[in-house]
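Below: one structure, written as structure tokens.
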Amino acid sequence: MITKVDAPESFTTLRLRGDRVDGADAAFFEAMFSDPRVYATLGGARDAANVASLVAAKVREWDHHGFGTWVLRPASGSAPLGWVGLKPTNVGGPGGTELLYAIAADHWGFGYATEAASTVVGIGDKPLGIDELVAFALTTNIGSRRVMEHVGFGYERDIEHAGLPHALYRRRCPDG
């Protein structure tokens, strides 16, 4: 008998706290998608209605899959600075799971994405038991590609996603 295991709804690292996304996070997502430095890497700007739909979908992912997106805050603060998560995807092959992350531009360069992504990769390995993860970024997004490499992903190939050139990375669970 296989027992479904859900991801923890929150986690902490040395410097960060991740909490399961909820509807109250919509204002933060709107701010992220209105910053041209950030939305240039996330497929463009989104209006309030589009962001509300995105956040609602992220909440449903938790209910449906038992994992999803966590909003990141400093361990000793309350203002969000990014997000990290796991999401079902067919990019890179059917039935895959994507590692996703985004950090507010004012917080780039401090290692937050790597710190959070490393923790979530560990959650994907155990307790979730996901055999492999994929991640992808625009081919020009060197910072995001470095995060993938730092948390154990290897470059696989260039792909087209959303009509733009992306680099696809993959990571297999060490136990898988």
Side-chain angles (χ1 to χ4, degrees), residues 13 15-62 67-74 77-93 96-121 124 133-171:
T13 69
R15 301 178 298 159
L16 301 170
R17 186 180 82 245
D19 296 305
R20 176 182 168 163
V21 67
D22 67 33
D25 297 313
F28 171 65
F29 279 82
E30 281 184 47
M32 290 282 281
F33 281 108
S34 67
D35 183 335
R37 298 169 295 174
V38 176
Y39 74 62
T41 68
L42 298 175
R46 299 182 187 182
D47 63 22
N50 189 281
V51 170
S53 177
L54 173 86
V55 172
K58 289 185 176 300
V59 170
R60 286 191 306 273
E61 285 169 1
W62 271 97
F67 59 85
T69 300
W70 293 266
V71 173
L72 300 170
R73 293 172 172 81
S78 60
L81 59 83
W83 68 76
V84 64
L86 298 170
K87 178 183 176 185
T89 186
N90 289 323
V91 174
T97 304
E98 174 190 0
L99 170 69
L100 53 101
Y101 49 86
I103 302 294
D106 291 342
H107 298 282
W108 289 352
F110 295 101
Y112 294 133
T114 301
E115 186 173 329
S118 179
T119 298
V120 170
V121 165
L133 298 170
V134 297
F136 47 93
L138 291 168
T139 56
T140 56
N141 189 341
I142 303 304
S144 189
R145 293 177 72 169
R146 283 188 184 133
V147 170
M148 293 175 213
E149 292 166 0
H150 284 301
V151 299
F153 284 71
Y155 171 79
E156 187 170 291
R157 67 183 189 275
D158 285 352
I159 60 170
E160 184 176 310
H161 175 68
L164 297 169
H166 283 71
L168 175 68
Y169 285 71
R170 189 174 305 271
R171 180 191 180 279

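All of these numbers come straight from a predicted model, not from anything done at the bench.
In this structure, CG on Leu72 lies 10.5 Å from OH on Tyr112, to the nearest 0.5 angstrom. Taking CG from Leu42 and CZ from Arg37, the interatomic distance works out to 13.0 Å, rounded to the nearest 0.5 Å. Separation of atoms CZ (Phe136) and CZ (Phe153) is listed at 11.0 Å; rounding is to 0.5 Å. Taking OG1 of Thr41 as the start and CG of Asp35 as the end, the distance is 9.5 Å to the nearest 0.5 Å. Atom CD1 of residue Ile103 and atom CG of residue Leu16 lie 7.0 Å apart, to the nearest 0.5 angstrom. With rounding to the nearest 0.5 angstrom, the CH2 atom of Trp108 is 10.0 Å from the OG atom of Ser144.
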Run Val71 and Asp19 through side chain to side chain contact (heavy atoms under 4.5 Å, CB included) and show every step you take. CA-CA 5 Å; Val71 173; Asp19 296 305; 5.5 Å; no
May I have the step-by-step check of side chain to side chain donor-acceptor pair (under 3.5 Å) for Tyr169 and Glu149, ending in yes or no? CA-CA 8 Å; Tyr169 285 71; Glu149 292 166 0; 3.1 Å; yes
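The list of side-chain hydrogen bond (donor to acceptor under 3.5 Å, both in side chains) pairs with a residue in residues 47-59, not counting sequence neighbours, reads Lys58-Thr69.
Between Leu100 and Glu98 there is a side-chain heavy-atom pair separated by less than 4.5 Å. Residues Tyr155 and Arg145 are in side-chain contact: their nearest non-hydrogen atoms beyond the backbone lie under 4.5 Å apart. Residues Leu133 and Thr97 are in side-chain contact: their nearest non-hydrogen atoms beyond the backbone lie under 4.5 Å apart. Side-chain atoms of Pro74 and Leu81, non-hydrogen and from C-beta on, do get closer than 4.5 Å to each other. With a 4.5 Å cut-off on side-chain heavy atoms, Phe29 and Val21 count as touching. Residues Val151 and Leu99 meet the side-chain proximity criterion, which asks for heavy atoms closer than 4.5 Å.
Residues Arg20 and Trp70 approach most closely at N-CD1, 3.7 Å, considering heavy atoms. Across all their heavy atoms, Ala137 and Asn141 have their closest contact at CB-CB, 4.2 Å. Closest of all the heavy-atom pairs between Thr139 and Ala167 is CG2-N, 3.7 Å. In this structure, Ala117 and Tyr101 approach most closely via the heavy-atom pair CB-CD2, 4.4 Å. Contact record, Arg157 with Gly92: NH2-CA, 4.3 Å, taken as the closest heavy-atom pair. Of all the heavy atoms in Gly23 and Val55, the pair that sits closest is CA-CG1, 4.1 Å.
In this structure, Arg15 places its CZ atom where more than 12 heavy-atom neighbours from other residues, nucleotides or ligands lie under 6.0 Å away.
Not counting sequence neighbours, the partners of Arg171 by the salt bridge (Lys or Arg N to Asp or Glu O under 4.0 Å) test are Asp125.
Between the side chain of Arg46 and the backbone N or O of Val51 there is no donor-acceptor pair closer than 3.5 Å.
Ring orientation note: the planes of Trp83 and Phe28 are nearly perpendicular, at an angle over 60° on the 30°/60° scale.
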